[in-house]
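Scroll down for the structure; my scribbles are underneath it.
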Protein chains: 2
Amino acid sequence: MITIKEIAKMANVSSTTVSRVLNNSGYVSDPVRQRILNVIKETGYVPSEHAKSLRTKKTKVIGVVLPRMGTETSSRLINGMSEELAKHEYQILLANTNLEREKEIVYLRLLKSRQVDGIVLLATNINEELLSEIKQLNIPFVAVGQDIPGVSTVVNDDYHAAKEIIKLFVEKGHSKIAFIGVDESDRSVGYLRKQGYLDAMEDYKLPVEKEWVQKGIFNIESGYEAMKRIMEKSFIAPTAVFAVTDRLAVGAMRYLKENGYSIPQEMALVGIGASELSMYVTPSLTTIDFLYERAGKEVASLILQQISGKDTGQKKIQLNYRLLVRDSI
Amino acid sequence: MITIKEIAKMANVSSTTVSRVLNNSGYVSDPVRQRILNVIKETGYVPSEHAKSLRTKKTKVIGVVLPRMGTETSSRLINGMSEELAKHEYQILLANTNLEREKEIVYLRLLKSRQVDGIVLLATNINEELLSEIKQLNIPFVAVGQDIPGVSTVVNDDYHAAKEIIKLFVEKGHSKIAFIGVDESDRSVGYLRKQGYLDAMEDYKLPVEKEWVQKGIFNIESGYEAMKRIMEKSFIAPTAVFAVTDRLAVGAMRYLKENGYSIPQEMALVGIGASELSMYVTPSLTTIDFLYERAGKEVASLILQQISGKDTGQKKIQLNYRLLVRDSI
DNA sequence: CTGAAAGCGCTTACAG
DNA sequence: CTGAAAGCGCTTACAG
């Protein structure tokens with residue numbers, strides 16, 4: 001590794017001066033600047049960011065803790081973020097927990113030890129330990145996807161999105177509406193979407209049979225199983241199903257098709273997520289698009305604000321959604 | 001930021017000793033070690049990786065330059081990589097070019113300036129400038145997806161995968177086989193897959209009508225258009241189509257369905273990629289699964305080997321694929 | 001078993 | 001307009 005000192009020697013100046021041309025700070029005469037620039041080009045010298053960070057206390061890196069790569073949600077979010085961050089010459093240091101919950105805390109610490117300028121957490125759930133870790137982190141921080149008390153967050157409006165779906169069903173004439181959810185320890189997807197469903201049903205004074213409310217995990221197969229339970233166990237068969245994710249909905253759809261139910265005539269179906277899949281299954285799935293790229297940009301702006309110290313305290317941003325009405329209803 | 005010095009003072013020892021317990025190196029008496037450990041826990045002290053890197057010249061970070069987040073390919077690759085890297089406590093510093101080609105070089109330099117221990121490039125194409133940049137990078141480096149001369153690479157066996165598909169068609173009794181490709185400046189997807197098609201056709205002494213060979217870009221819409229051109233312009237209609245990506249195949253499928261062709265009876269269809277989509281379109285798409293998670297792990301191992309100096313020079317790894325025969329053929 | 005000191009590669013007052 | 005020197009937070013010979 002070539003250093004600033006060597007460049008200085010080669011250009012017959014002090015490292016101070018080299019530093020000045022590197023950072024465009026202070027005065028440097030034109031001939032000297034040219035000389036230095038030439039040496040830099042010839043040698044292909046790149047200054048060490050570590051030494052720089054050590055002095056300046058800035059790294060231009062944002063740490064991102066995420067549960068899993070490759071879900072459309074995280075991909076879209078990260079795309080949005082990295083686009084916005086790139087404008088300000090920030091980069092992303094990834095910490096992929098691969099759904100191992102304990103790793104969240106480990107990685108938060110690791111990122112801090114790397115002196116990242118800020119941390120973004122794509123949160124799937126919240127627990128006491130995580131919360132207290134976040135508190136004592138004491139660096140710019142934004143949580144996405146879950147509303148964590150005391151910190152800035154960007155969340156979807158899960159509750160109203162769910163209500164909107166029930167409203168759509170009712171407008172289409174449905175009154176027997178089943179529900180496929182996930183565990184409520186996931187506050188956004190599990191709890192809030194379910195609450196939206198239950199509250200909307202109550203608003204419309206519609207009964208909810210116990211068997212209509214089933215739970216899966218985040219994959220297609222469990223949607224299939226949940227739908228199966230609904231159809232096999234219900235005393236009164238529903239005419240519509242709201243699944244809290246597209247994958248669950250697609251699983252439900254597969255069960256229905258395999259068993260000869262026509263969609264949407266015999267059973268209407270709605271998911272959430274606007275996954276690519278939802279558009280290409282047959283019939284195409286009615287779903288809700290949360291604007292994740294947009295969310296990513298918001299997150300980037302938030303954290304950048306905190307870093308620059310312009311932040312006026314804790315912010316809660318709730319993003320809009322779009323209802324995509326397609327053939328499954 | 002609390003530093004090692006302050007810890008030392010609080011524990012009434014020198015920073016040397018603190019460093020020793022931090023790194024489990026050298027001798028430290030048990031009582032002293034306990035005292036230091038306690039102070040560290042109380043204060044929540046985390047050592048600065050920058051200062052560390054500056055001294056040790058190691059960062060435990062691998063830079064990854066990728067064209068776009070969120071394609072299944074890159075997601076699966078990164079998942080594979082990050083899993084393997086995590087085992088060795090390495091992290092990933094992301095540089096997302098968002099398909100802007102000039103950024104590749106910019107990011108390679110940036111990553112180097114961040115003293116990453118190695119760089120992985122998910123390459124979409126190669127040009128002279130990029131090549132010479134890679135040459136003078138002079139740090140552990142692995143390219144994925146394109147065979148770049150002079151460096152270690154992990155690539156799919158695009159050529160034989162394409163041949164395999166034609167073989168499958170022939171076995172099913174087809175002889176009039178059309179092709180939807182992409183621009184040949186993409187050596188793997190564009191050139192090699194096309195070459196595989198052409199060579200296989202020649203091997204079987206099958207004619208290739210000029211109109212049967214069409215080109216799209218990497219999206220569904222262009223597959224639709226390409227299929228349309230094939231059907232409208234061909235003097236002799238094909239009975240089978242090989243599209244070089246699943247998205248192109250899905251587009252082609254949509255055109256065929258809209259225009260009343262039954263699949264696979266009137267037209268057989270095969271893609272490449274094993275995208276989630278391919279499984280859930282109707283009919284399900286026959287495709288080739290390149291083992292991307294596996295590729296990610298291989299890449300991680302390769303770069304780790306280079307870093308540890310155990311590398312025995314340039315390596316070329318060609319990954320296996322699986323043919324997934326489904327309903328579209 | 002423990003510590004003083006040098007040094008990693010930068011930046012930044014300060015002095016001239 | 002330019003440079004000498006201190007210092008960022010660590011680690012590591014070296015000495016005791």
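Throughout, protein chains are lettered first and strands after them, A, B, ... in sequence-line order, and every chain is numbered starting at 1.
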Donor-acceptor side-chain pairing of B/Q305 and B/K315 below 3.5 angstrom: yes
Whole angstrom value for the distance that separates C1' of D/dC1 from CZ of A/R33: 11 Å
Whole-Å distance separating the CD1 atom of A/I2 from the P atom of C/dC10: 10 Å
Any-strand Watson-Crick or G-U partner of D/dC1, both distances under 3.5 Å: C/dG16
Distance, rounded to the nearest Å, where B/E6 contributes CD and D/dC10 contributes C1': 13 Å
Most 5' of B/S15 and A/R35 on DNA chain D, judged by nearest nucleotide: A/R35
Atom-to-atom span, CD1 of B/I36 to P of C/dT2 - whole angstrom: 8 Å
Distance-only side-chain donor-acceptor flag, A/S19 / A/T16, under 3.5 Å: no
d(CG, B/L54; P, D/dC10) in whole Å: 12 Å
Sugar-phosphate, base or nothing in reach of B/K57, heavy atoms under 4.0 Å: sugar-phosphate
Given C/dT11, C/dA4, C/dG7, the nucleotide with the shortest approach to the side chain of B/S14: C/dA4
d(NZ, B/K52; P, D/dT12) in whole Å: 10 Å
Minimum-distance pair of heavy atoms, taken over all atoms of B/V155 and B/D147: CG1-N, 3.7 Å
Any A/T16 side-chain nitrogen or oxygen under 4.0 Å from OP1 or OP2 of D/dA5: no
Side-chain donor-acceptor pair present, A/N96, B/N79, cut-off under 3.5 Å: yes
Distance in angstrom units between B/K5 NZ and C/dA5 P, rounded: 12 Å
From C/dC8, C/dG9, D/dT2, nucleotide with atom closest to A/T3 side chain: C/dG9
Short side-chain N/O contact from B/Y45 to OP1 or OP2 of D/dC10, under 4.0 Å: yes
Quiz item: B/R20 side-chain donor-acceptor pair to C/dG3 base, under 3.5 Å: yes
Residues B/E49, B/K52; criterion salt bridge (Lys or Arg N to Asp or Glu O under 4.0 Å); working and verdict: CA-CA 5 Å; B/E49 289 293 329; B/K52 224 175 188 168; 3.7 Å; yes
Whole-Å gap separating P (D/dG7) and CZ (A/R55): 10 Å
B/S19 vs D/dT11: side-chain N/O to OP1/OP2 distance below 4.0 Å: yes
Which residue lies more 5' along DNA chain C, comparing A/A51 with B/V28 via nearest heavy atoms: B/V28
